[in-house]
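Data block below; observations after.
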2 protein chains.
Amino acid sequence: MKPPKYKLIAEFIKSKLESMIWQEGYKIPSETELATQFSASRMTARKAVDEMVNLGLLERVPSVGTFVRSILPQSSLLEIKNIADEILSRGHTHKMTVLSKLLLVPNDAIAISFSLQNKNVFKIIIIHFENDSPIQLEERYVNAEKVPFFLQQDFSKITAHQYLTSVAPLTEADISVEAVMPTKILKHNLQLNDNTPCLKVTRSTYSNGQPISYVVLYHPANKFRLTSAYRTAQ
Amino acid sequence: MKPPKYKLIAEFIKSKLESMIWQEGYKIPSETELATQFSASRMTARKAVDEMVNLGLLERVPSVGTFVRSILPQSSLLEIKNIADEILSRGHTHKMTVLSKLLLVPNDAIAISFSLQNKNVFKIIIIHFENDSPIQLEERYVNAEKVPFFLQQDFSKITAHQYLTSVAPLTEADISVEAVMPTKILKHNLQLNDNTPCLKVTRSTYSNGQPISYVVLYHPANKFRLTSAYRTAQ
DNA sequence: TAGTGGTCTAGACCACAAA
DNA sequence: TTGTGGTCTAGACCACTAG
């Protein structure tokens, strides 16, 4: 299984960018030059450049050349925050209760969302309290292979999210947000009235391409808002 | 200026998706077939398919074929996107109705959120439709001093957001998301049942420190998800 | 005029899946 | 065995920019 040639060229470009040898605004070798350098056809070199352009790392200027783009600090947009820290930063007290802990093989829906099939996962359900009032129900699935000691943690000392990021650095995440009506169980656990909708946040996290955790968070809508700030570069 | 051949092929595919002739899961003609049909080489047909795959509308399965992807209505929280483009990129039709347009001095709540006091703002209310079904109510306040010709735009040709970014480049934004129960008016306009919660997105946008627009977007929860992807810098 | 990216062709070989 | 997508080649012509 050898990688295709265009991947090699793309890796070459990436390494130049990572090592900062090619800095912002630098004009990279023309497609013809890259092709010659790698004994490839121009179409193949172009495909490598295509990939980097799609990633937003390079920018083409017709008739002129291809240049290193300025980097946008996009990661700060929706920070993956720790609920304990957030509550403490509001000057409130944080408490949690673990409702259940177990080891299982995920059902289809979870497995597909989480790209884990026929693998063991841990499941844990936690309720978080802010000043003794429930503010979040956390239903979390964790890749048991990658994080074998997950269930042995004392979650009153370290949150699940804190522990996971310490074991496997968070590199990618997919987040989705919906508004839902709570189920009976949810209503009971979050001490909700009849007509209170919930914010449902679903998040899959990955560490270097490996799925680590799939979590569904429910927040009573009258107590919670998800916020995010956006800033362009410069 | 005639469009390149691969664009024609891409448009052909897009039209099949928009008209729902090719539905979810449908296996589209092979690259070779497309090439023959358009008297193009396979590489050119492939480039058209590439484009649709990158847009997330098609999915390749090696050795088997290329298929129409299932589409969940979702929107990016991170990127400030244009709802019309998003709907179109799902192969659906977009329509809008302007409910009201006016010039006013903002009340306190709006003024504070929007850091505009004693200044004129335009207010506009728009309903967006995806395939004739209402998907978003947009209640927007615009800084009249910075964007004097806002109300004169034809919003069936350009969305409010498109026009604003063309006049004043978006540099900062604050976004917040809540789950709420719809008011009577909202229920009526979004054609909602009694028990459908709404996702309420509030966004303030700025251009180089100047407030440009404050917008509240309501989405029926059964039709909408907000999503976002997170990637660390390399 | 020389160099660049944008497009395009008409072939080719491969690995893989389905019949 | 056939058809598919994945990769690749060695040319080509174009419009455009810059020296």
Side-chain angles (χ1 to χ4, degrees), chain A residues 1-17 21-70 112 115 117-118 209, chain B residues 1-17 21-70 91:
Chain A
M1 300 298 109
K2 63 163 190 286
K5 204 180 273 188
Y6 78 89
K7 281 280 181 199
L8 292 179
I9 305 178
E11 281 307 314
F12 166 77
I13 297 173
K14 210 179 269 184
S15 73
K16 292 292 186 185
L17 296 175
I21 295 174
W22 293 352
Q23 308 226 3
E24 183 178 327
Y26 178 80
K27 180 179 172 184
I28 76 163
S30 74
E31 296 170 356
T32 320
E33 279 179 83
L34 283 173
T36 312
Q37 228 175 103
F38 284 86
S39 317
S41 75
R42 191 187 141 209
M43 286 293 259
T44 303
R46 185 175 170 79
K47 185 162 183 180
V49 175
D50 269 342
E51 207 173 74
M52 308 310 283
V53 169
N54 284 334
L55 282 174
L57 301 177
L58 298 180
E59 186 178 4
R60 287 203 170 96
V61 181
S63 315
V64 180
T66 302
F67 302 84
V68 177
R69 266 187 47 152
S70 59
I112 289 169
S115 33
Q117 233 141 3
N118 302 318
Chain B
M1 298 302 107
K2 64 164 190 284
K5 204 180 273 188
Y6 78 89
K7 281 281 180 197
L8 293 178
I9 305 178
E11 280 309 313
F12 167 77
I13 297 173
K14 210 177 268 182
S15 74
K16 291 292 185 186
L17 297 176
I21 295 174
W22 292 353
Q23 307 226 2
E24 184 178 327
Y26 179 80
K27 180 178 170 186
I28 76 163
S30 74
E31 296 170 356
T32 319
E33 280 178 85
L34 283 173
T36 312
Q37 227 175 105
F38 284 85
S39 316
S41 74
R42 189 185 144 213
M43 286 294 258
T44 303
R46 184 174 171 79
K47 185 161 182 179
V49 175
D50 269 340
E51 207 174 73
M52 308 309 282
V53 169
N54 285 333
L55 281 175
L57 300 179
L58 298 180
E59 187 178 4
R60 287 203 170 95
V61 180
S63 316
V64 180
T66 302
F67 301 85
V68 178
R69 267 187 48 150
S70 64

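Throughout, protein chains are lettered first and strands after them, A, B, ... in sequence-line order, and every chain is numbered starting at 1.
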Check your understanding: Base, sugar-phosphate, or nothing: which does B/Thr32 touch, judged by heavy atoms less than 4.0 Å apart?
Key -> nothing

Practice item. Scan B/Val61 against the nucleic acid and name what it touches under 4.0 Å (heavy atoms): base, sugar-phosphate only, or nothing. Key: sugar-phosphate

Check your understanding: Ignoring hydrogens and geometry, is there a side-chain-to-backbone donor-acceptor pair from B/Ser39 to B/Ala35 under 3.5 Å?
Key -> no

Does a nitrogen or oxygen in the side chain of [X] sit under 4.0 Å from OP1 or OP2 of [N]?
{"X": "A/Ser41", "N": "D/dG11", "value": "no"}
{"X": "B/Tyr6", "N": "C/dT7", "value": "yes"}
{"X": "B/Thr44", "N": "C/dT9", "value": "yes"}
{"X": "B/Thr66", "N": "D/dG5", "value": "yes"}
{"X": "A/Arg42", "N": "D/dA10", "value": "no"}
{"X": "B/Lys5", "N": "C/dT7", "value": "no"}
{"X": "B/Arg60", "N": "D/dG6", "value": "yes"}

**Study point:** Presence of salt bridge, B/Glu51 and B/Arg46, under 4.0 angstrom
**Key:** no

Exercise for review: Could you tell me the separation between the CD1 atom of B/Ile9 and the P atom of C/dG6, rounded to a whole number of Å?
Suggested key: 18 Å

Practice item. For A/Glu31 and C/dG5, give me the distance from atom CD to atom P, rounded to whole Å. Key: 5 Å

Exercise for review: List the atom of B/Ile9, the atom of B/Ala45, and the distance in Å for their closest heavy-atom pair.
Suggested key: CD1-CA, 4.0 Å

Point to revise | Test item: A/Lys5 and A/Lys47 side chains (from C-beta on) under 4.5 Å apart, heavy atoms | key: no

Study note, to complete from the structure: Across every strand shown, the nucleotide meeting Watson-Crick or G-U wobble geometry with D/dG19 (both distances under 3.5 Å) is none

